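Below you'll find the structure, written out as structure tokens, and then a few comments.
Protein chains get the first letters and strands the later ones, always in sequence-line order, with residue 1 at the start of each. All figures in this text were calculated on a predicted structure; none of them were measured in a lab.
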2 protein chains.
Amino acid sequence: MRPIDDVTPAALRKRPGWLIGQTSVHHHRLLTAALGAANARPYHYRVLASLQEFGSGSQVEVGRHAGLDRSDVVATIDELVDRGLVERTADPIDRRRNIISITPAGRAQFRRLDKVLANVQDELLSPLSPKQREQLTRLLSRVLEYHTDALSER
Amino acid sequence: MRPIDDVTPAALRKRPGWLIGQTSVHHHRLLTAALGAANARPYHYRVLASLQEFGSGSQVEVGRHAGLDRSDVVATIDELVDRGLVERTADPIDRRRNIISITPAGRAQFRRLDKVLANVQDELLSPLSPKQREQLTRLLSRVLEYHTDALSER
DNA sequence: TGGTATCGTTGGACATACCAACGATTCTCC
DNA sequence: GGAGAATCGTTGGTATGTCCAACGATACCA
């Protein structure tokens, strides 16, 4: 088998954007396969993680925490309600809003999925030492914060 | 505006997979906007870059260089042929195959898009110093090579 | 009370990644 | 020389993630 260097053009290989994109594809494959075994998909984890950390909130708030479009929040919450992992109730104070809460079953599923995520990170970063993982995380965090702040300040 | 630390759950923020995925989303936005202005999209650049570096080849070879599924190669080459950027001819030696070649107009478009890609990398990584960009590139390359080799050795 | 903003929903569009099945062609082995 | 396996390219999808517009209901403010 030829090494990757002989297959991918340098015009791509030298580009961090390409490296990030392709690594993301591999990560998504690992994540989707692992979550699929637990009858979940990435959006479920994102919503459950948001509710677990920030507590109950409106759909807009949950979407902001989870980084999801409002319409995708609706669809994801529909699926989680169907599985008894979250509850959707009307806000008595403001009837425009729903209040989304995690259920005990949702907390249990979050704990299960959290382990899955930890395993997937280990597998994704297995060629790196702990120090290199820290370095990668720090550099990516800085890039992501820069772009996230730039977006929300428009 | 609240800093990102107050918005995203730690369960996501601490995960390199999440950082890579979200950074990739930002990269894709920048890239698609910039390429769109040049009437191109990411698959076009991948195919042109492969032909520019490796020369003419079959669709399977082009797909392997560009990291594209065979059916996506067909669609992308269709678009590039329509725009006069590549040529598709039958292989006289093996009538199962087509030979894909870049045209002079394709080379010119590749040079134009290559500048676009360079600008997008600069914008994507603007919060990092040159040394940090090298570090990020090295770490990501190692991770990507590991997973690409693992995939092709199955 | 009218105008603006917010919330949630519905109904999409689009790009990327990926897969199965098929017909035409090539190659190998008996 | 022919059967079987493999390759090539194409067609026709599916799944997922990201993103957007428009609408009705509701809340708030001047």
Chain A reaches DNA chain C, atoms under 4.0 Å from its heavy atoms, from C/dA5 to C/dC18
Mark yes when over 12 heavy atoms from residues, nucleotides or ligands other than A/R133 sit less than 6.0 Å from its CZ; otherwise mark no.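 Count over threshold, so yes.
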Nearest whole angstrom, please: distance from the [atom2] of [N] to the [atom1] of [X].
X	N	atom1	atom2	value
B/E61	D/dC8	CD	P	8 Å
B/H26	D/dC19	NE2	P	8 Å
B/D69	D/dT14	CG	P	16 Å
A/N98	D/dA25	CG	C1'	12 Å
B/D72	D/dG13	CG	C1'	12 Å
A/L68	D/dT18	CG	C1'	10 Å

Counterpart residues, side-chain hydrogen bond (donor to acceptor under 3.5 Å, both in side chains), relative to B/S126 (two or more places apart):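 For B/S126 the side-chain hydrogen bond (donor to acceptor under 3.5 Å, both in side chains) partners, ignoring immediate neighbours, are A/Y146.
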Can you name the side-chain hydrogen bond (donor to acceptor under 3.5 Å, both in side chains) partners of B/E79, sequence neighbours left out? B/R41, B/H44
Examine D/dT18: is either OP1 or OP2 under 4.0 Å from a nitrogen or oxygen in the side chain of B/H28? Give yes or no. no
Whether B/D78 and B/R88 form a salt bridge (side-chain N of Lys/Arg under 4.0 Å from carboxylate O of Asp/Glu) is what I want to check. yes
Quick one: do A/R15 and B/D114 make a salt bridge, cutoff under 4.0 Å?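 Yes, this pair counts.
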Gap between atom CG of A/L124 and atom NE2 of B/H147 - 0.5 Å precision: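 Going from the NE2 atom of B/H147 to the CG atom of A/L124 covers 4.5 Å.
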Here the gap from B/S56 atom OG to B/E61 atom CD, rounded to the nearest 0.5 Å, amounts to 10.0 Å
Could you list by number each residue of residues 32-51 of chain A showing a heavy-atom separation from DNA chain D of less than 4.0 Å, or answer none if no residue does? A/R41, A/P42, A/Y43, A/R46
Looking at the base of D/dC8, is there any donor atom on it, or on the side chain of B/D91, that sits under 3.5 Å from an acceptor on the other one? no
May I ask you to say what [X] touches in the nucleic acid, namely base, sugar-phosphate or nothing, with a heavy-atom cut-off under 4.0 Å?
X	result
A/V25	sugar-phosphate
B/R70	base
A/V60	sugar-phosphate

Between A/Q59 and A/R70: side-chain donor-acceptor atoms closer than 3.5 Å: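 Note: A/Q59 and A/R70 side chains miss the donor-acceptor criterion.
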So, A/Q109 and A/R112: side-chain donor and acceptor under 3.5 Å apart, yes or no? yes
Residues of residues 115-123 of chain B with any non-hydrogen atom less than 4.0 angstrom from an atom of DNA chain C: list those, numerically ordered, please. none
Once ring pair (Phe, Tyr, Trp, His ring centres under 6.0 Å) is applied, what residue pairs with a partner in residues 77-102 of chain B remain, sequence neighbours excluded?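 Counting only pairs at least two positions apart or across chains, no ring pair (Phe, Tyr, Trp, His ring centres under 6.0 Å) contact touches residues 77-102 of chain B.
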When hydrophobic residues are tied together by side-chain contacts of less than 4.5 Å, even through go-betweens, does A/L30 share a cluster with B/I20?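 Yes, A/L30 connects to B/I20 through the hydrophobic network.
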I want to confirm an ordering. Mapping A/G21 and A/S71 to their closest nucleotides on DNA chain C, which one lands closer to the 5' end?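 Its nucleotide being nearer the 5' end, the pick is A/S71.
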Specify the residue among A/Q22 and A/I99 whose closest nucleotide of DNA chain C lies further upstream toward the 5′ end. A/I99
Quick one: do A/D72 and A/R46 satisfy salt bridge (charged side-chain N to carboxylate O under 4.0 Å, His left out)? Show the steps, please. CA-CA 12 Å; A/D72 300 324; A/R46 283 162 75 166; over 6 Å; no
Between A/D94 and B/R88, which has a closest nucleotide on DNA chain D that is more 5'? B/R88
